[in-house]
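Keep in mind that this is a model prediction, so the values were computed, not measured. FYI, side chains are in, hydrogens and waters are out, and symmetry mates aren't considered; it's all heavy atoms of this structure. Throughout, protein chains are lettered first and strands after them, A, B, ... in sequence-line order, and every chain is numbered starting at 1.
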Amino acid sequence: MLSAILLAIGLNLGSNSAEPKTPSGVTVSFADETNQRIMPTRLFAARVEAGESPAIGIAPTGWSGKFSGTLNLPIRTRAELALRGTGSAVLSIDDEVVLEGALGTDLQTKQLRLNKGERSVRLEWTPPSEGPAWIRLLWDGRDFTLEPIPTQQLTAAEPHDNIEHGLELIAEHRCTACHASQASTFISDLDRPAGSLRDAGQRLHGRWVQEWLLDPSAHRADTAMPALLAGPNAEQDAADLAAWVVSMGSGTLQGTQGRPEDGKVLAAKLQCLNCHVLEPEDDYDGISLAGVSQKYQPGAMADFLRAPHSRSPWSKMPDFRLSEQEAADLEAFLREATPGQGAGVTGDVVRGEELATALRCGNCHQSDAPPMPSVPLPTGTQESMGGCLANDASSTPDFRLSDVEQTAINQTFEALASTTAPTNFGLAARAINSLRCTSCHARDGQASLGEGRTLDVDPALLADPHAPEVDQTLPHLDGTGEKLRTEHLLKTLAGTRTEEVRPWMHARMPGFGAWAAPLTTSLVAEHGMPQDEAFVATDEADAAVGRMLVGLEGYGCITCHGVGDEPPMAAFEAVGVNFAQSAERLRPGWYHRWMDDPLRITPSTRMPRYADPVTGKAVRPDILGGNATAQFDAIAAWLANGAQPGFADEYDFDDEDEYDDE
Amino acid sequence: MTQRNNSMHHASLSVVLLSSAAMAGDWVTLFDGTSLDGWRAAENPKAFTVKNETLVVNGERGHLFWSGKDGKDRKWDDFEFEAMVRTQPGANSGVFFHTKFQKAGWPDVGYECQVNATHGDSIKTCSLYGIVNNNMPPHVDGDWVKLRIRVAGRHIQTSIDNQVVIDWWEPKDRKGSKKLSTGTFAIQAHDPKSVVEYKFIKARHLDPKDMTRAERLDVRLSNEDVPEKEWWNRMDHGPFVSCATGYPMDYATANKGLNLFLDNGWVASFDTGLLRVGAVWQGGLDWEGVSYNGSHGGHPGAVGTPIYGSLEGPGWKVNGSWEDPRPSKPWGPLPAEMARWGGLMRVGEESILNYTVGQARVLEHHGVEQSEAGNVLVRTLEVFPAATPESMHVRVADATRDQRIKVLSDGRGARVGDTRFAIRGSDGSTFDISGTSLVLNLDPTVDGPSGSIMVAIAATRDGIKPSVLASAAPPKRLFTRMFAGSKPDPALFPAIYPEEIIVQANVAENGDDTFVVDDIPVPFENPWNSYMRIGGFDFVDDDTAAVCTWNGDVWLVEGLREMGEIRWKRFASGLFETLGLAVRDGQIFVHGKDQITRLIDFNNDGEADLYDNFCNLVNTTPSFHDFAFDLQVDGEGNFWFGKAGPVRGGGRGFEDSLNEHHGTVIKVDKTGRDLEVFSTGLRAPNGIGISPDGQVVTAGDNEGTWVPHCKLHWMSQGSFQGVVPLAHRSETPTDYNKPLCWFPMSVDNSSGGQTWVTSTKWPWTGELLHLSYGQSSIYRVMKEEVNGQVQGGVFRVPVQLGSSAMRGRFHPTDGQLWVCGLKGWQTNAARLAAFQRVRWTGRTPKNPTSITAVEDGIKISFSVKLDQELAEDTGSWAVNCWDYVWGPMYGSPEVSALNPDVEQIELAKKKEIRVEEHDEMVVESATLLDDGKTVHLKLKNMQPVMQMHVQCDLESTDGDVIITDIWNTIHELGTN
């Protein structure tokens with residue numbers, strides 16, 4: 001039994017994680033008749049589409065879920081708890097049932113007095129027998145409106161298994177390229193082909209390829225590329241392999257002349273140092289760019305940066321939609337900022353190709369070496385860790401995996417064997433980790449990892465002379481799945497949005513290639529949200545009143561927010577997102593939560609609060625009876641009707657878009 | 001057009017008028033008693049006959065339309081129409097206006113002014129037929145009466161023998177064809193039984209000068225089709241506006257500009273800092289700037305055709321030199337002993353400036369003469385010589401790069417570029433050239449009866465030769481336009497804003513609340529479209545408050561005693577972004593960016609006549625962020641205010657144009673003749689507080705560069721409050737005077753003023769209140785002093801205000817807190833402005849009363865006895881803390897106070913970083929002390945922290961729930 005195995009090998013207790021400050025959220029245990037999975041997650045929430053499994057190793061039908069976590073209350077708190085979703089559920093606090101029944105829209109407690117300190121919260125969920133299954137636990141307190149209990153206030157109460165970690169390792173190391181798994185059909189990010197080598201000859205320097213092959217982890221500590229060569233012939237093997245690699249494709253890339261100083265400014269604006277370091281080693285856990293000048297032929301860096309997903313759709317390098325000049329500038333900067341230069345290699349191409357075939361290079365990389373047949377996994381798991389997982393430096397391939405990692409991989413392969421349906425629920429957590437989203441964005445009360453990292457660039461160069469010096473804080477990711485509508489989220493992650501949401505920002509939201517679609521789905525699942533929700537103008541809500549509220553007779557929102565092609569009237573220190581995009585961007589529930597109390601969602605926001613958090617009364621008592629919800633509904637109705645401009649004519653302010661510099 | 005000029009040229013003008021009725025002002029005879037030339041009858045011409053110099057109207061229905069002798073005089077918009085009219089018994093007729101020729105039927109277009117004393121129709125003479133009806137005949141049959149119709153903008157008046165019968169403003173949204181437009185007149189024949197006679201029929205076009213101020217504004221708006229929300233173009237700013245003013249050509253910007261709006265769209269702009277005419281042009285102002293169109297870059301500038309102007313430097317030769325003698329060059333005023341700006345006397349629509357140069361007093365007036373030859377600007381000076389008048393020289397105008405200067409051989413005429421100048425009066429005064437300047441050397445010969453020199457400088461670009469320019473009558477005395485004997489003559493200062501706006505005070509019901517808010521509706525709709533953002537107020541007496549608006553108005557608000565009918569009266573206008581007002585000894589002082597102005601109403605007509613410069617020693621720069629905040633008077637009569645530091649357009653970092661007054665709290669001596677910087681290093685002290693004993697000076701501030709978060713400053717003489725570029729000291733400070741407390745964004749993101757509770761009719765007598773502009777909230781301050789350091793915190797007073805919380809004062813007799821606020825920059829304020837009373841209902845507020853920091857924790861006292869069980873349950877309490885980082889970055893992250901990350905703190909000084917790390921201060925025990933009201937919280941890791949947040953969830957012994965947040969700062973720990 002899988003569950004027995006998991007318990008036997010010891011579990012990773014969330015609250016014991018190395019960084020005590022990291023919010024650990026809660027755990028959710030999914031179980032079918034035979035298997036059980038205990039996964040970490042951020043919220044008491046989940047969504048599983050019909051026909052999908054909640055987790056790998058769990059059957060798509062006949063499963064149930066059990067969330068458990070500790071709610072940390074700084075003070076005695078008066079709040080109502082509410083459940084939304086499908087199926088039925090039992091909610092207990094400190095082992096006392098407080099809510100029970102079929103999920104709908106009205107499952108809500110009376111006001112409870114929850115004592116200060118750690119409250120044990122358990123939520124047992126039986127999903128519906130058919131149709132999508134989803135659940136959300138919300139609370140409504142004296143000075144906040146209905147919201148998911150924030151992750152910052154939750155800690156896991158029980159250990160979770162290592163399968164998610166194992167899955168990440170298997171995908172990173174591309175185990176399934178040689179050990180084919182049926183689960184690849186069901187788990188979007190499991191198979192991620194490595195970069196194509198077909199045009200390596202015009203991109204890479206042979207010498208670098210040779211050195212890389214000899215010891216990839218010496219060049220990049222976190223690489224998934226195994227060490228393939230060992231023994232006395234390794235040098236020659238590497239030379240021959242490298243010669244073969246650079247024999248594929250020829251000629252040189254016609255590049256644009258780059259300007260290093262512009263590239264540096266651009267690198268600062270794009271915050272490259274949030275993920276990268278320029279030195280071979282650095283205190284910061286970043287990907288070193290120290291070898292790039294030796295690695296890439298002239299123009300190849302720019303070529304890669306322009307379209308990082310063209311050779312590998314799963315490349316974790318995001319696509320910043322750079323212009324040719326920008327990419328060339330970045331390359332020029334990087335060539336100045338990193339040492340050395342490339343050199344060729346002398347080797348036997350034919351022997352190299354033979355080696356490549358034997359080493360199964362073609363299984364991961366598109367190349368002239370053919371993919372070799374799948375190799376069945378050895379059975380018997382941990383007692384017989386041979387092959388790839390052998391802790392034997394002389395054997396190859398050597399993935400340099402720790403014992404814990406090896407164990408996780410073994411367990412995960414077991415779980416993959418019983419995976420029979422698509423599953424998306426846990427992918428967001430894996431992807432956000434892999435893609436380093438939190439290097440740039442804050443999440444769950446944690447500042448971004450790269451916060452404060454900066455290139456030494458004169459601030460005057462960063463400032464756009466046409467744009468005011470406004471707040472450059474990137475949005476946090478606490479509520480991404482709850483906040484953004486699916487289509488917009490997908491476009492955002494795919495980098496295919498045509499409209500910049502925050503055009504005043506130096507930073508640029510990049511695209512993430514093949515990751516975008518499954519990550520979108522999974523973020524929605526993580527928050528237990530419906531697939532999509534649109535702004536709908538209710539009958540009661542009057543869009544004309546909404547427009548008035550947005551205008552200067554109302555709350556003057558247009559002072560900071562643009563409307564279509566009309567820029568904000570007088571934004572200062574902070575600019576708001578253009579209203580023309582709001583209905584297309586936002587889910588209505590999140591919109592209301594934001595309007596009720598923006599400071600609760602983002603304590604540093606400059607967006608003022610227009611409702612009293614305690615009484616819920618609107619700041620304007622003379623409109624719609626001072627009912628904040630009704631007022632925000634009216635604004636929503638105006639947004640839903642397309643948020644037409646026309647304020648500039650009415651108020652006669654300069655409608656030349658001062659942020660649009662293109 | 002001045003009266004004098006009008007009569008001078010009347011002969012030639014009248015010839016012109018015959019062919020062009022478009023020339024304003026002169027009467028056009030429509031019927032001279034001899035013929036119906038220029039009239040065209042429709043339907044029944046026989047009804048109109050001329051007998052005995054009278055037009056007799058009698059016959060079947062028909063209308064007689066005026067089209068002029070050339071058939072083209074059919075376009076009348078703003079006009080006055082007069083005719084003598086006599087009705088016979090049972091007669092009906094009427095005069096149509098804004099109508100057009102129609103072959104038959106009752107005219108469809110325009111209004112009919114009814115003529116009917118005894119006809120069966122109940123709609124009588126002077127009615128706007130069918131629209132505004134009068135049922136009382138204002139005259140009797142058989143008598144000749146004068147019928148008058150007047151249309152100005154949307155204002156329509158009809159009268160008989162100068163008694164107004166109908167006085168009506170046409171609504172803006174009036175539909176159909178029976179409405180004001182442009183059209184001609186028609187006289188009606190109603191029926192064969194009606195006999196009505198007309199004679200002396202005449203009309204004249206109305207010039208804006210012939211209209212009331214409200215009409216003129218209305219005309220401008222209806223003519224120019226100004227968007228409704230472009231309020232700065234719709235507002236009647238008054239006869240003058242003070243602002244930093246940009247000029248055309250190379251003329252130097254006036255930091256303290258005073259723009260006089262003259263006839264015919266001319267503007268004469270006087271620089272009150274340098275006593276020079278900055279520029280004169282025909283056109284207007286563009287209303288750029290933060291208080292007008294919201295721009296964070298600019299300030300108002302001239303638009304139109306320049307006539308002349310001057311470069312930087314004094315307008316008079318002071319101290320024997322043309323050199324700029326200002327120690328504060330280029331910002332402040334000229335040294336008072338050399339020359340001092342006195343102020344402005346508003347004589348009706350016109351302004352007379354007064355100032356001193358050395359020992360001499362100068363009165364100055366600008367006016368425009370219009371003639372067929374062109375327009376002439378006349379600058380009149382009346383100089384009262386006292387000491388050495390032979391040394392007096394006026395810098396008239398400067399040549400810019402491409403301009404030549406020439407003085408005629410007799411010295412009485414000159415030319416700068418295309419502009420010609422001539423001297424009128426003072427025969428011995430002559431022009432001269434000094435460098436790029438055209439200079440007037442004043443003849444010391446006194447020619448006025450009270451010992452003054454009278455001289456005028458006429459200037460034109462219309463090609464009029466200097467000899468003609470000079471040939472007008474000699475300048476008239478300015479003194480006599482204002483004074484009877486040695487005192488201002490009350491009769492000489494007519495009101496120009498006579499209308500009062502009457503509103504009803506909204507007095508709230510007490511309900512269950514401790515405090516309620518009574519509202520005085522602000523007259524957002526007023527005849528002048530004045531933009532009513534109230535930035536300061538004080539009580540003139542117990543019934544009247546004076547409030548100032550950001551756009552330079554002062555209004556009187558009367559009726560506060562009864563709180564029933566409240567009368568709003570526009571008292572003054574055109575001041576420079578006034579955000580502070582105080583009353584001292586019954587006199588109104590208002591604080592603008594250029595000066596503190598004392599407003600004096602000579603004749604008690606509710607309008608200020610003298611705009612007296614009380615103190616203009618403050619430096620003024622053209623920066624939008626050079627805000628002049630608040631105005632307070634201490635017990636000795638000295639004035640206090642805050643002065644912001646000019647930040648860059650985006651708000652991050654400061655402009656280069658810093659001077660020693662920026663980012664300070666300033667004290668002005670009670671005489672107004674001395675100014676001292678009390679405290680430096682503030683960023684935007686929008687609101688200060690002076691304790692009743694005058695010993696404590698407080699200010700708020702606004703998050704930004706070197707201001708980690710908003711805070712409440714508790715200042716002392718010479719203290720530095722934290723903003724290094726505004727420290728104004730030779731050595732760069734490495735530390736700053738600690739605030740009483742800091743505020744998180746959600747508590748205060750942009751501070752207002754402070755108010756001491758001086759009333760005994762309100763709770764918390766002797767305590768301090770802090771107002772938040774950004775959060776539109778009032779906070780009660782709890783303070784303590786430990787080891788000489790003041791510290792403490794606040795809790796929120798549970799009231800919801802109608803706008804932001806900018807200024808508060810206690811009423812002298814009702815003892816309640818009055819608050820005003822506006823919405824001008826980032827705030828959650830509900831409305832553009834509010835003026836309200838926060839009234840205590842008499843219920844005991846259940847709130848904390850003090851917080852003190854001790855070695856092992858904090859002690860918090862409450863106003864009521866607490867339920868012991870809840871008070872001593874540590875679960876009823878939560879205490880968190882964090883620190884801010886003081887540095888050159890904009891604002892600050894919230895960093896751990898208990899486990900400070902040194903690297904992170906250093907980084908936050910170099911780059912804006914966003915982290916929010918709050919530490920829990922574990923409540924180890926809570927003990928209710930013997931008084932039953934004070935709880936001693938023992939806190940683990942008790943230590944000084946910049947920000948503490950205490951939450952409690954308690955009940956009183958009476959069972960009232962007390963859930964409160966306190967935000968406080970601890971610098972020093974007291975003993976347990």
Side-chain angles (χ1 to χ4, degrees), chain A residues 21 73-78 113 115-117 142-143 442 445-448 451-454 459 463 467-474 476 551-553 555-556 559-560 569-570 572-574 599-600 603-606 608-610 612 614-615 617-622 647 649-654, chain B residues 226-231 233 290 293-296 648-653 704 744-746 749 774-776 798 800-802 823 825-832 870 873-880 890-891 893-894 904 907-908 910-917 920 923 951-953 963 965:
Chain A
K21 282 177 183 174
L73 294 173
I75 188 170
R76 185 184 312 112
T77 302
R78 299 159 198 245
R113 269 169 54 142
N115 278 329
K116 175 178 179 166
R142 180 178 163 275
D143 52 3
Q446 295 299 298
S448 72
E451 184 70 61
R453 283 179 60 79
T454 184
E469 299 171 71
V470 293
D471 188 13
Q472 295 287 332
T473 310
L474 299 176
H476 64 63
L552 295 185
E553 298 88 350
Y555 292 127
T559 310
C560 298
M569 223 180 79
F572 179 54
E573 296 172 355
L599 289 151
R600 178 154 177 97
S604 63
T605 184
R606 304 290 195 296
R609 187 158 59 194
Y610 293 103
D612 186 313
V614 176
T615 63
K617 282 186 197 160
V619 168
R620 280 289 286 265
D622 55 328
F647 295 96
D649 284 343
E650 193 174 325
Y651 301 130
D652 188 50
F653 54 83
D654 188 4
Chain B
V226 181
E228 190 159 345
K229 296 306 175 229
E230 201 180 303
W231 60 264
N233 281 328
V290 67
N293 69 2
S295 156
H296 288 138
R648 296 204 184 100
R652 281 152 163 75
M745 294 277 278
S746 61
N749 56 346
Q775 294 292 342
S776 307
Q800 190 157 330
L801 299 173
K823 182 155 77 167
W825 49 98
Q826 219 152 38
T827 173
N828 68 349
R831 277 174 290 189
L832 196 61
L870 284 174
D873 179 354
T874 57
S876 303
W877 299 90
V879 182
N880 281 279
Y890 188 96
E894 297 175 0
Q904 184 187 54
L907 184 63
K910 298 189 189 109
K911 185 176 188 282
E912 282 176 31
I913 58 173
R914 293 280 165 222
V915 294
E916 280 139 19
E917 283 175 4
E920 183 187 356
V923 181
Q951 294 167 271
C952 64
D953 180 345
I963 297 180
D965 295 80

| task | Tell me, for A:S448 versus chain B, whether the close heavy atoms (under 4.5 Å) come from the side chain, the backbone, both or neither. | result | neither
| query | What is the distance from atom OH of A:Y555 to atom OG1 of B:T827, rounded to the nearest 0.5 Å? | reply | 11.5 Å
| remark: Highest number of heavy-atom pairs under 4.5 Å with chain A among B:A908, B:S876, B:G774 belongs to B:S876
| Within 6.0 angstrom of B:K911 NZ, more than 12 heavy atoms from elsewhere | yes
| task | Under 4.5 Å heavy-atom distance to chain A, tell me which part of B:Q904 shows up: side chain, backbone, both or neither. | result | neither
| field | chain A interface, residue from B:M745, B:R914, B:E920 that has the most non-hydrogen pairs under 4.5 Å | value | B:R914
| Considering all heavy atoms of both residues, which atom of B:K823 and which atom of A:L552 are nearest to each other, and what is their separation? | NZ-O, 4.4 Å
| request: Give the member of A:L474, A:V619, A:N115 that has the highest number of heavy-atom pairs under 4.5 Å with chain B. | output: A:V619
| request: Please examine the side chains of A:D471 and B:E912, heavy atoms only from C-beta on, and report whether any two atoms are closer than 4.5 Å. | output: yes
| field | Segment of A:R606 engaging chain B (4.5 angstrom heavy-atom cut-off) | value | both
| A:I75 versus chain B, the contacting section by heavy-atom distance below 4.5 Å | both
| message | Which atoms of A:D612 are under 4.5 Å from chain B, going by heavy atoms: the side chain, the backbone, both sets, or neither? | response | side chain
| said: Determine whether a donor-acceptor pair (N or O, by modelled atom type, separation under 3.5 Å) exists between the side chain of B:Q800 and the backbone of A:A618. | reply: yes
| Does a side-chain N-to-carboxylate-O contact under 4.0 Å join B:D873 and A:R76? | yes
| request: For B:S295, enumerate each residue passing the side-chain hydrogen bond (donor to acceptor under 3.5 Å, both in side chains) test, keeping only those at least two apart in sequence or located in another chain. | output: B:E288
| request: Please assess A:T454 against B:K910 for the test side chain to side chain contact (heavy atoms under 4.5 Å, CB included), listing each intermediate value before the final yes or no. | output: CA-CA 10 Å; A:T454 184; B:K910 298 189 189 109; over 6 Å; no
| task | Can you measure from CD (B:E916) to CD (A:Q446) and round to the nearest 0.5 angstrom? | result | 11.0 Å
| request: Pick whichever of A:C560, A:A442, A:G556, A:G452 has the most heavy-atom pairs under 4.5 Å with chain B. | output: A:G452
| said: To the closest 0.5 Å, what do you measure between CG (A:D143) and CD1 (B:I963)? | reply: 8.5 Å
| request: Using a cut-off of under 4.5 Å on heavy-atom pairs, state which of B:A878, B:G891, B:P893 scores highest against chain A. | output: B:A878
| Note, B:D953 side chain near A:K116 side chain (heavy atom, < 4.5 Å) | no
| message | Using heavy-atom distances under 4.5 Å, tell me whether A:S604 contacts chain B through its side chain, its backbone, both, or neither. | response | both
| Contact part of B:L907 toward chain A, heavy-atom cut-off under 4.5 Å: side chain, backbone, both or neither? | side chain
